[in-house]
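Just follow the structure's listing: the first ligand is 1, and inside any ligand the first atom is 1. In this chain, numbering begins with 1 at the start of the sequence shown. The structure presented is a predicted model; accordingly, all values stated were derived computationally and were not measured. Atoms considered below: every heavy atom in the structure, side chains included; atoms not considered: hydrogens, waters and symmetry mates.
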Amino acid sequence: MSTFDFAPLLAAGLPPAAAKWNGLAKYSFVGGNNDPDIVPVDDLIAAMIAVLKREGATLATYGLASGPQGYRPLREFLAQKLKRTTGIICNADEILITSGSLQGLDLVNGLLLNRGDTIITEAETYQGSLNRWTRLGVNAVGIPLDGEGMRMDALAAALDDLKKRGVRPKYIYTIPTVQNPTGTILPESRRLEMLRLAEQHGVPIFEDDCYADLIWDGRRPPALYAMSKHGGVIHIGSFSKSIAPALRVGYIVAEWSQLSRMLPLKTDAGSGALEQMVLGEYCPKNFDAHVPPLTRGLRKKLETLMDALNEQFGTAAEFDDPKGGIFLWVKLPDVVDTLKLYQPALAAGVSVNPGPEWTTDKTYGKSRMRLCFASPSHEEIRAGVATLAEVCRREFGVPERIGNVERARA
Ligand SMILES: Cc1ncc(COP(=O)(O)O)c(C=O)c1O
């Protein structure tokens, strides 16, 4: 054990120290993990062998033979897939492959944000984005959602209010297609309105689209990036939710004038090449056939989760049936504080994401939680929800009835 003391030398402003990883909870409803049974392992192996045999020698060069924007066949696949599924017309030169879309968030933030800036976001949103704004000292203005995503009347009012105060927000961040955590899809009419408001106020839109392949009925409105007639949109996406998050492959779609300013901020000399090569080989032949069974399997798991919640929590758990994705956003009775539910639930083997970590308004998030249903099995979903209901009743007195059997209060 070293006796050297690093503490006086640490850089100022470091985030809090990480906790050691102790494995996943027995019943894990956290994170954006995927269904282990649906990872296309055999086809990925075949793709890996084929691409390495053919092009393995290009690993000798940083950026392969494709340059700093990432493996060109993968960017070409993306350009044609985006055209087909989102309406985005772009070529491979307007795509930058990133180490997950998290790196996309960092690059866009690096391009646009300074301490003290203001951005606009859905009031319920992705924790990874919220944490970044906090760390950067950026003021996040939350816009409420309804069943169709961000409310445009509230967005218009917030933009007017900021304008009156002389504040020009740096961007409107939105997850318009299967929103995290609410599972809503912003309809085309609202997208048009958002674009109109953004143009009127001279504010760019930052479109985060990583769940867009996972829609139950397969139908989605065009991307904001595709619909904009004035530019001003940056789009990011990911293979984490459609193929596997551990691959760490995401992408940014932007005009060269923005990409050329983000590339110098990407200081890792290129994202991992093997995973890009495997996806570049796998996707053109297999992506389209892979997604429908994945989505059907996710829908079945969601139904198991909604059934289990109805059975174990009854009316104490309120939720809307999401339009796709891997999360259910659940409202518990007001007495429940999900930040305080977290530890006892974990001690009983169940992990959940407490609502305040996914909201700009922590009071609104207090009795809410996000449950990921993709990675636990159907049996784990049922057993995990039953355990969670027991812990919740012990700690907060709700649900009063569990499994339709009234329990005496302890
Ligand atoms: C809305 C949103 N954006 C970005 C990410 C980052 O994903 P990745 O870096 O795996 O692409 C996630 C992950 O859950 C997310 O939910």
Side-chain angles (χ1 to χ4, degrees), residues 24 28-35 39 70 74 78 81-82 86 95-110 119-133 135 140 142-143 145 149-150 171-186 205-215 220 223-225 233-253 262 266 268 271-272 275-276 279 283 294 298 322-329 351-353 355 357-360 369-375:
L24 291 177
S28 174
F29 295 99
V30 297
N33 296 317
N34 218 321
D35 188 337
V39 175
L74 182 59
L78 277 170
K81 173 194 179 281
L82 286 165
T86 71
I95 298 175
L96 169 61
I97 303 290
T98 53
S99 303
S101 50
L102 281 171
Q103 190 180 41
L105 293 175
D106 286 333
L107 295 179
V108 176
N109 287 344
I119 62 92
I120 292 181
T121 172
E122 282 126 7
E124 291 145 276
T125 192
Y126 174 46
Q127 181 191 34
S129 300
L130 283 168
N131 289 346
R132 280 167 167 72
W133 298 320
R135 174 116 203 273
I143 308 295
L145 298 95
M150 194 192 287
Y171 57 64
I172 300 165
Y173 173 76
T174 178
I175 312 166
T177 317
V178 188
Q179 208 266 346
N180 179 4
T182 61
T184 52
I185 297 181
L186 196 73
I205 294 176
F206 181 5
E207 176 174 44
D208 186 346
D209 222 30
C210 65
Y211 297 99
D213 289 313
L214 310 179
I215 299 178
R220 58 156 295 164
L224 286 152
Y225 190 96
V233 184
I234 297 177
H235 178 100
I236 66 171
S238 179
F239 287 96
S240 288
K241 315 301 167 180
S242 51
I243 308 286
L247 290 173
R248 309 308 306 130
V249 181
Y251 54 89
I252 302 176
V253 186
M262 285 189 263
K266 191 175 187 303
D268 57 5
S271 296
E275 45 273 43
Q276 293 185 57
L279 285 176
C283 286
L294 167 65
L298 291 172
K323 300 248 164 47
I326 56 177
F327 303 119
L328 188 66
W329 182 231
S351 58
V352 301
N353 284 126
E357 294 172 3
W358 307 83
T359 45
T360 53
M369 64 179 173
R370 195 194 72 166
L371 301 177
C372 171
F373 51 81
S375 60

Below 4.0 angstrom from a heavy atom of [X], which ligand 1 atoms are there? Numbered from 1 as shown, please.
{"X": "K241", "result": "13 (C), 14 (O)"}
{"X": "I175", "result": "1 (C)"}
{"X": "Y211", "result": "1 (C), 13 (C), 14 (O), 15 (C), 16 (O)"}
{"X": "S101", "result": "4 (C), 5 (C), 6 (C), 7 (O), 8 (P), 9 (O), 11 (O)"}
{"X": "S240", "result": "8 (P), 10 (O), 11 (O)"}
{"X": "S238", "result": "8 (P), 11 (O)"}
{"X": "G100", "result": "9 (O), 11 (O)"}

Just grab all the salt bridge (Lys or Arg N to Asp or Glu O under 4.0 Å) pairs involving residues 98-109, residues at least two apart or on different chains.
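Those involving residues 98-109 are D106-R132.
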If you have a sec, work out which protein heavy atom is nearest [atom] and how many Å separate them, to one decimal?
{"atom": "atom 9 (O) of ligand 1", "result": "R248 NH2, 2.7 Å"}
{"atom": "atom 12 (C) of ligand 1", "result": "Y126 CZ, 3.3 Å"}
{"atom": "atom 3 (N) of ligand 1", "result": "D208 OD2, 2.7 Å"}

Judging by distance only, is a nitrogen or oxygen of L102 under 3.5 angstrom from one on ligand 1?
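Yes, there is a polar N/O contact under 3.5 Å.
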Among side-chain atoms of Y173 and T125, is any donor-acceptor pair under 3.5 angstrom?
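Y173 vs T125: no donor-acceptor pair found between side chains.
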Report the relative orientation of the aromatic rings in W358 and Y126; use parallel for angles under 30°, tilted for 30 to 60°, perpendicular for over 60°.
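W358 and Y126: tilted rings.
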Y251 and H235 aromatic ring geometry - parallel, tilted or perpendicular at 30°/60° bounds:
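Correct class here is parallel.
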Where is the tightest heavy-atom contact between S375 and S28, given as atom of each residue plus distance?
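Smallest heavy-atom distance, with atoms named: OG-O, 4.0 Å.
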Can you name the closest pair of heavy atoms from N33 and C372 and give their distance?
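Minimum heavy-atom contact is O-SG, 3.5 Å.
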Contact between ligand 1 and Q103 is defined here as a heavy atom of the residue under 4.0 Å from a ligand atom; is it met?
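It does not, in that no heavy atom of Q103 comes within the 4.0 Å cut-off of ligand 1.
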Is ligand 1 less than 4.0 angstrom away from at least one heavy atom of C210?
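The answer is yes, since C210 has a heavy atom less than 4.0 Å from ligand 1.
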Got a sec, which residues hit salt bridge (charged side-chain N to carboxylate O under 4.0 Å, His left out) with K323, two or more places apart in sequence or on another chain?
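With sequence neighbours excluded, K323 shows a salt bridge (charged side-chain N to carboxylate O under 4.0 Å, His left out) to no residue whatsoever.
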Among I175, T184, T182, I143, exactly one meets side-chain contact (heavy atoms from CB on, under 4.5 Å) together with M150. Which residue is that?
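The residue from I175, T184, T182, I143 that satisfies side-chain contact (heavy atoms from CB on, under 4.5 Å) with M150 turns out to be I143.
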Heavy-atom side-chain proximity of F373 to L298 below 4.5 angstrom:
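Sidechains of L298 and F373: in contact.
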